[in-house]
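These notes are about the structure you will find just below.
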Amino acid sequence: METLELVETHVSRPKFRSHYDNYIGGKWVPPVGGEYFDNQSPVDGSLIAKMPRSKAADVDLAVDAAQKAFETWGKTSATERSKILLQIADVIEKNLEFLARVETVENGKALRETMAADLPLCVDHFRYFAGVIRAEEGSATELNADTLSLIIKEPVGVVGQIIPWNFPLLMATWKLAPALAAGCCVVIKPAEQTPTSIAVLFELLEGIVPAGVVNIVHGFGPEAGKPLAQHKRVNKVAFTGETTTGRLIMQYASENLVPVTMELGGKSPNIFMKSVADADDEFFDKCVEGAVMFALNQGEICTCPSRLLVHEDIYDKFMERVIARTKAIKLGHPLDPDTMMGAQASNDQYEKILSYIDIGKQEGAEVLTGGGPAHSVEGGYYIQPTIFKGHNKMRIFQEEIFGPVLSVTTFKTAEEAVSIANDTLYGLGAGFWSRDAHELYTIPRQIQAGRVWVNCYHDYPAHAPFGGYKKSGFGRENHLMMLNHYRQVKNLLISYSKNKLGFF
Amino acid sequence: MNRVDLTPAAADILSQLKAEHGPLMFHQSGGCCDGSSPMCFAKGDFIVGESDVLLGQIDGCDFWMSEDQFEYWKHTHLTIDVTPGRGASFSLEIPLGVRFLIRSRLFEMAEYEQLPPVQTGPLAAQ
């Protein structure tokens, strides 16, 4: 009898500690209540490590440490802060392959993506903010011959940051880099699905970031996230997540009258005009890939191009290629460098995606490919890349599924494409593809979204502002304008006149 | 005919949570990460406004949704179920290692016609 031999092609799983603690005031501190929770890998359901189950008392300790550190960090020169951000970037770059494996085991995404996207972007975003604060200037205006107005930017103080699980290190970077560059001290609450990556990163950063400047409190949303969002001594809250929690955080912020920034997701349209199929060339191939981008990061991206709008005249030709390319996506062990799509981040995410595939079928959408679970690794949470054909009023066209599920529909005119694109509650991202030079400017201007990718998709370079219209939130990350969301404007209004006003 | 129902497993979790936190409410979320999931809070912790629709009560808990989101959901019957998992958000069941989720089915036309009109705004729950 023949025995099947399993060939292990994947890279090794990194070694984790049995448990991690909170990082407060530059020290690893056990949770006050002494409780820990299991962090399991979505790759195969195995235990990664035990993480602290923190509560309000732990958040208090972290805010104390951040407030104390702010007394000096808030006054540090831009030169010094920039140097520290560059050192952080260097450490990430030096440990890129290791951190990529850590993130893949924790989040389930394919190593290909953590190696080529997540970690290199972390490096670059820290370097970007290190750079911009060296070139920035305040302003001075002479209002009249003896009155001078000086505008000086001052950090808001202690900020609370609640980080999602889809890019455990990159989403933390998007929030940490500008806050530290601005001179703020941070209390960060990683998502409870993916808390270990950031703990591992800060072990590597020990001795670089001054004590108390970044504090990490792990735990569950209602027990640790809520006390952070509601904390009376937190001066600003930044959140990436969904609409109900977004509203709740704004409600808490209104009690304390502090500012917030929110990134709350989307249902991004990806529009392909008739001209894309004028030739079967490199660009047409790029367009096909652009449509299949829904499967990047298993669809767990706020800007997932989950609504595909194709001109009816090219539908058959284009979709034949899109379906073939989707079927060619290699599912497998996320640590295998050849795997193109990994695991969904958690069991509840997996169940939710399947429930949407179910409602899509019930609403009469046609399954063009996929349509169910996959079984890449025993014990993990895998779903087939799925394409539905339907219409824009269906729930699968209107709700963020946050999985590898694409809903395609057709349009006849540019006006109809814009109307379908804008018929959504959200406005975070959009894609627009055409060979027509006129359309390339005029149509994206009509799309209500904070980021419109034109003849490209899913590019997130530093120095290009990213944020939402409509119910997708507000604030613009990845750009120097984010610095002002972490700063106050101090105006010094100075009189050089020796004469009194004459009122009294 | 209800717009929202509950599976027995979800009802068990809900009664555990009531014993710990007192009266509860739900608000259906949209958007990314843990969006498109029902969020369970202590009653009154989430402040509903004129843009929220009350879909009904389940085991004594008000179930709310944004009015604009309801436009796309109104033709579907919702069942709150529960699954093992590690969801984020501030929903109260998360420390139990489970997550509420919505299962949906289309209303039959006859059912849809029998549904009472929904009410909007915070006074709807009075």
Side-chain angles (χ1 to χ4, degrees), chain A residues 37-40 53 162 164-166 191-193 219-223 225-226 229 240-249 251 263-267 300-304 345-352 355-356 358-359 362-363 393-395 397-402 425-426 428 471-473, chain B residues 17 20-21 26-42 45-49 51-52 64-79 81-107:
Chain A
F37 66 92
D38 288 349
N39 180 23
Q40 284 163 329
R53 181 175 172 180
I162 296 178
W165 45 261
N166 56 343
E192 47 266 57
Q193 293 98 325
F220 299 131
E223 296 176 346
K226 181 178 166 182
T240 293
E242 31 62 47
T243 56
T244 297
T245 309
R247 277 178 63 178
L248 201 51
I249 288 173
Q251 180 190 307
E263 201 264 84
L264 303 177
K267 190 72 188 175
E300 292 169 345
I301 310 185
C302 311
T303 41
C304 173
S346 63
N347 180 55
D348 50 298
Q349 194 57 29
Y350 170 85
E351 289 287 338
K352 184 175 80 183
S355 82
Y356 271 100
D358 178 52
I359 186 76
Q362 284 189 51
E363 282 188 307
K393 297 292 178 196
M394 289 176 167
R395 282 185 47 190
F397 279 79
Q398 289 295 334
E399 290 154 39
E400 185 153 0
I401 299 172
F402 227 57
L425 307 181
Y426 304 101
L428 190 58
K471 292 210 164 173
S472 294
Chain B
L17 292 174
E20 195 183 340
H21 302 281
F26 283 92
H27 191 275
Q28 173 66 37
S29 187
C32 88
C33 305
D34 302 276
S36 308
S37 298
M39 303 294 177
C40 180
F41 304 121
D45 192 24
F46 181 97
I47 299 172
V48 292
S51 63
D52 293 298
W64 296 89
M65 183 184 294
S66 286
E67 192 174 29
D68 44 13
Q69 196 170 335
F70 180 68
E71 264 311 294
Y72 296 103
W73 288 59
K74 61 187 178 189
H75 61 290
T76 52
H77 176 270
L78 310 177
T79 304
D81 196 2
V82 72
T83 180
R86 177 74 73 223
S89 88
F90 294 178
S91 197
L92 288 172
E93 79 284 11
I94 284 165
L96 303 176
V98 295
R99 189 70 186 92
F100 288 122
L101 85 156
I102 294 283
R103 301 204 186 274
S104 312
R105 70 170 177 83
L106 298 188
F107 279 119

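Lettering of chains follows the sequences in order, A, B, ..., and the numbering in each one begins at 1.
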Part of [X] within contact of chain B (heavy atom distance under 4.5 Å):
X: Leu264(A); value: backbone
X: Ala229(A); value: side chain
X: Leu428(A); value: neither
X: Gln398(A); value: side chain
X: Glu363(A); value: both
X: Ile301(A); value: neither
X: Phe397(A); value: neither
X: Lys471(A); value: side chain

What's the spacing between [X] [atom1] and [Y] [atom2] if we round to 0.5 Å?
X: His27(B); Y: Thr243(A); atom1: NE2; atom2: OG1; answer: 7.0 Å
X: Ser36(B); Y: Tyr356(A); atom1: OG; atom2: OH; answer: 3.5 Å
X: Lys267(A); Y: Tyr72(B); atom1: NZ; atom2: OH; answer: 12.0 Å

Answer yes or no: is there a side-chain heavy-atom contact under 4.5 Å between [X] and [Y]?
X: Ile249(A); Y: Phe90(B); result: yes
X: Phe37(A); Y: Arg86(B); result: yes
X: Pro95(B); Y: Arg53(A); result: yes
X: Glu242(A); Y: Met39(B); result: yes
X: His75(B); Y: Arg395(A); result: yes

Q) Is a side-chain donor or acceptor of Tyr426(A) paired with a backbone partner of Gly31(B) at a separation under 3.5 angstrom? A)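 Side chain of Tyr426(A) to backbone of Gly31(B): a pair is present.
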Q. With distance as the sole test, does Arg99(B) use its side chain to make a donor-acceptor pair with the main-chain N or O of Asn347(A) at under 3.5 Å?
A.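 Answer holds: no.
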Q) For chain B, which of Ser472(A), Gly221(A), Ser346(A), Gly473(A) has the most heavy-atom pairs under 4.5 Å? A)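 Greatest number of close heavy-atom pairs with chain B: Gly221(A).
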Q) Which of the residues Gly225(A), Cys304(A), Gly241(A), Gly219(A) is involved in the greatest number of heavy-atom pairs with chain B at under 4.5 angstrom? A)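 Between Gly225(A), Cys304(A), Gly241(A), Gly219(A), the count favours Gly241(A).
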Side chain, backbone, both or neither: which part of [X] has a non-hydrogen atom closer than 4.5 Å to chain A?
X: Leu106(B); answer: both
X: Phe100(B); answer: neither
X: Asp45(B); answer: both

Shortest non-hydrogen contact from [X] to [Y]?
X: Thr244(A); Y: Gln28(B); value: OG1-O, 3.3 Å
X: Ser89(B); Y: Glu192(A); value: O-OE2, 4.1 Å
X: Ala88(B); Y: Gln193(A); value: N-NE2, 3.1 Å
X: Arg247(A); Y: Ser51(B); value: NH1-OG, 4.2 Å
X: Ser37(B); Y: Lys352(A); value: OG-CD, 3.5 Å
X: Pro222(A); Y: Ser91(B); value: CG-O, 3.3 Å

Winner by heavy-atom pair count (cut-off under 4.5 Å) against chain A, out of [options]:
options: Asp81(B), Asp68(B), Ile94(B); answer: Asp68(B)
options: Gly87(B), Gly49(B), Gly85(B); answer: Gly87(B)
options: Pro84(B), Ser29(B), Gly97(B); answer: Ser29(B)

Q) Salt bridge between Arg103(B) and Glu351(A), side-chain N to carboxylate O under 4.0 Å? A)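 A salt bridge links Arg103(B) with Glu351(A).
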